[in-house]
2 protein chains.
Amino acid sequence: MKLREFAKQLGLSPTTVSRALSGYPEVSEVTRARVAEEAVRLGYRPNVNAVRLKTGRAGAIGVVMGRAGEFHFAEFMAGMAERLLTEDTDILVIPMADPDHNDEMQLYRRLVESQRVDAIIVHSPRPNDERIALLHKLGMPFLVHGRSDIDVPHAWLDIDNEGAVRRATSHLIDLGHTRIAMINGRPGATYALHRDKGYREALQSRGIELDPQLIASGNFTDELGFRFARSLLEQANPPTAIVAGSMMTALGVYRAVRSLGLQVGREVSVIAHDDVFPYLTADNMAPSLSATRSSMRAAGTRCADLVLQLVSGRSPLEIHELWPVELILRESTAPVQR
Amino acid sequence: MKLREFAKQLGLSPTTVSRALSGYPEVSEVTRARVAEEAVRLGYRPNVNAVRLKTGRAGAIGVVMGRAGEFHFAEFMAGMAERLLTEDTDILVIPMADPDHNDEMQLYRRLVESQRVDAIIVHSPRPNDERIALLHKLGMPFLVHGRSDIDVPHAWLDIDNEGAVRRATSHLIDLGHTRIAMINGRPGATYALHRDKGYREALQSRGIELDPQLIASGNFTDELGFRFARSLLEQANPPTAIVAGSMMTALGVYRAVRSLGLQVGREVSVIAHDDVFPYLTADNMAPSLSATRSSMRAAGTRCADLVLQLVSGRSPLEIHELWPVELILRESTAPVQR
DNA sequence: TTTTCCAACCAAATCGTTTTCAAATTTGAG
DNA sequence: CTCAAATTTGAAAACGATTTGGTTGGAAAA
């Protein structure tokens, strides 16, 4: 059913019907009500493509998905979905070819030019992220999930990675630990730098010298956690505590500790960052895992919300949210053994 | 840059340019080459919305995302993305409001009517799935990831859940186990039924009576694995083997076994199904986990491929793929102890 | 030379809306 | 009761492509 026939059936012009449905003020309440009612009854829905062509709005927000298949991706998306449910906006997932630099820029440029999205969410930004510069230059509204130091105004939502790791590390120091290892994410991303900074600061403020041997970085896989923890614990002068980067690396760390006949929460303390997954909970691990916690799903929901605001004209300059991170102490952290 | 100006710059009509770019035969090779070249140089790209309006094609395939935030979702999507990279087709993620029946039908109906997608991928189908009936009735191309018994022709790709579980269970029986527990997915989905069937058949063919107490079902969380395994192992006459449904439940099962001072691969054998995650590998678990394996990412890639075929006219009747599942034996399965 | 045919191109209609500008109707003040 | 102002409604022009149904010019056939 097209606007044309629908309007005819109502004995109105397409103009009026269109206006009635889009909530323009210059149509009488009586008419609007009738139109709305009949639209439901006769099942008229405007053709999206026509609307998009005419208005130039795409009705979708883009999320570029890396190849890595990060496990928190689904949670973030689910969160976004929750917010967009009531909106007339969908999520467009754009596959990213290669993390190859040139290709990536090309991808964003084409995405913008294709006019398939009204806004873009940028993940895992780098301190000087060209994607941000590009999107700004092209005038495409975008929200950064994370932060960047780049000298270009941009809306962002981030969690306090630095504070989280600082507190986690400090807490371990409070417990008497001085050899504290740290598993970080892939170098390059701002969040990894922030975590590194938090770690260093905590050590420094307590006069503990940093041992570069105790730092690892890479994708947050259980394998990384296992290998790194294992190799450290086998060395002379092993760490007594480990700040694992994620739930998955924490699993690996637990395994490594156990494999050497040691116990988490006794010989080795562990703290990880928990994005709050429905299928893997820190509280359920054995021993239960002390964690810095921030809901990835909630971030997705809020990001969707902020993006909608951006699209409807709110200035990116006003949108900066730094979320505090909870530190939840459980059994995996304990005073250092002597 | 619009077609109009672009054509003018080339000294051609919009018609010819459009044809040249879409590969129609009635334009000379010389012209085609020139147009293609200039399009790149001048940066002309057809406006997607106009193309979509005119052709009626949406240029996107829809994936309805449940609220549960299943952890394999990202893998499947990454797989799809890999295939669609070179295509001019995006992935539209549609949030699902409630698993409430009526709403769900409504959602699909509106999705079809909105013409935002050229095809839909249906996940976790039920034996008599009304979504399938609906999509068929509405004439929307769709691919079922999984299977359904419904009496409506539909394209599907599924893994051999029944065979996988049958083999896993049989193998455990071969090792002398007779009390074998089974953790299944949420009841209702076809795959859960298939797994159940595989389990029952394996037992039956070896004359082992089924004990309903040994079966659990629910979302594949580590918690389910832990609670169920733990409660069973504490009982009198505990199982000596467990067919865990997923990697996450397997983690819970491992934990439960350990928490009772037992060892996986000695007092209790465990087999799980592994969707192949980059961040959590069966081989790395301790002890390494015997698993039925099938790549979720590969399924995503193939599903995308098949959907593209559907869209370009291939009959759904021809598209039925049942993927065999590998059984990989590792340390978590061992002969029953007596 | 004339006719026929074919390759190569083009003008204009079309997809289904939104929106500008103008017309019709109602309202309210005088 | 009149007339201007305010409220409702409509006709028609966009939006930017694709595609139908021609033209055109030159080579091949007659």
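Chain identifiers are assigned alphabetically (A, B, ...) following the order of the sequence lines, protein sequences preceding nucleic acid strands; residue numbering begins at 1 within each chain. Remember, predicted model here, so these are calculated numbers, not experimental data.
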Check whether the side chain of [X] and the base of [N] form a donor-acceptor pair under 3.5 Å.
{"X": "Thr55(A)", "N": "dT17(C)", "result": "no"}
{"X": "Lys54(A)", "N": "dA14(D)", "result": "yes"}
{"X": "Ser28(A)", "N": "dT7(D)", "result": "no"}
{"X": "Arg19(A)", "N": "dG10(D)", "result": "yes"}

Q) What nucleotide among dA17(D), dC10(C), dT17(C) has an atom nearest to a side-chain atom of Leu3(B)? A) dA17(D)
(Q) Side chain of Tyr24(B), heavy atoms from C-beta onward: which of dT19(D), dT17(C), dT18(D) has the nearest atom to it? (A) dT19(D)
Figure out the [atom1]/[atom2] separation between [X] and [N], and round it to whole Å.
{"X": "Arg45(A)", "N": "dT17(C)", "atom1": "CZ", "atom2": "P", "result": "11 Å"}
{"X": "Arg34(A)", "N": "dT8(D)", "atom1": "CZ", "atom2": "P", "result": "15 Å"}
{"X": "Arg57(A)", "N": "dT18(C)", "atom1": "CZ", "atom2": "P", "result": "9 Å"}
{"X": "Leu21(A)", "N": "dT9(D)", "atom1": "CG", "atom2": "P", "result": "13 Å"}
{"X": "Glu113(A)", "N": "dG16(D)", "atom1": "CD", "atom2": "P", "result": "15 Å"}
{"X": "Glu26(A)", "N": "dT7(D)", "atom1": "CD", "atom2": "P", "result": "11 Å"}
{"X": "Asn47(B)", "N": "dT14(C)", "atom1": "CG", "atom2": "C1'", "result": "16 Å"}
{"X": "Arg4(B)", "N": "dA12(C)", "atom1": "CZ", "atom2": "P", "result": "10 Å"}

Is the phosphate of [N], meaning OP1 or OP2, less than 4.0 Å from a side-chain N or O of [X]?
{"X": "Ser13(B)", "N": "dC10(C)", "result": "yes"}
{"X": "Thr31(A)", "N": "dT9(D)", "result": "yes"}
{"X": "Thr15(B)", "N": "dC10(C)", "result": "no"}

**Q.** Short N-O contact, Glu5(A) and Lys8(A), less than 4.0 angstrom
**A.** no
(Q) Using a strict threshold of under 4.0 Å (side-chain N to carboxylate O), is an ion pair present between Arg314(B) and Asp305(B)? (A) no
Q) Which part of the nucleic acid, if any, lies within contact of Phe6(A), taking any heavy atom under 4.0 Å across all strands shown: a base, the sugar-phosphate backbone alone, or nothing? A) nothing
Q. Does Ala50(B) or Glu29(B) map to a spot on DNA chain C nearer the 5' end, using the closest nucleotide for each?
A. Glu29(B)
Q.
If you assign each of Leu53(B) and Val17(B) to its closest nucleotide in DNA chain C, which residue comes earlier from the 5' end?
A. Val17(B)
**Q.** Side-chain donor/acceptor of Ser22(A) to backbone N/O of Ser18(A), under 3.5 Å
**A.** yes
**Q.** Under 3.5 Å: donor-acceptor pair, side chain of Arg297(A), backbone of Gly79(A)
**A.** no
Q.
How long is the straight-line distance from OG1 of Thr55(B) back to CG of Asn49(A), given to the nearest 0.5 Å?
A. 7.5 Å
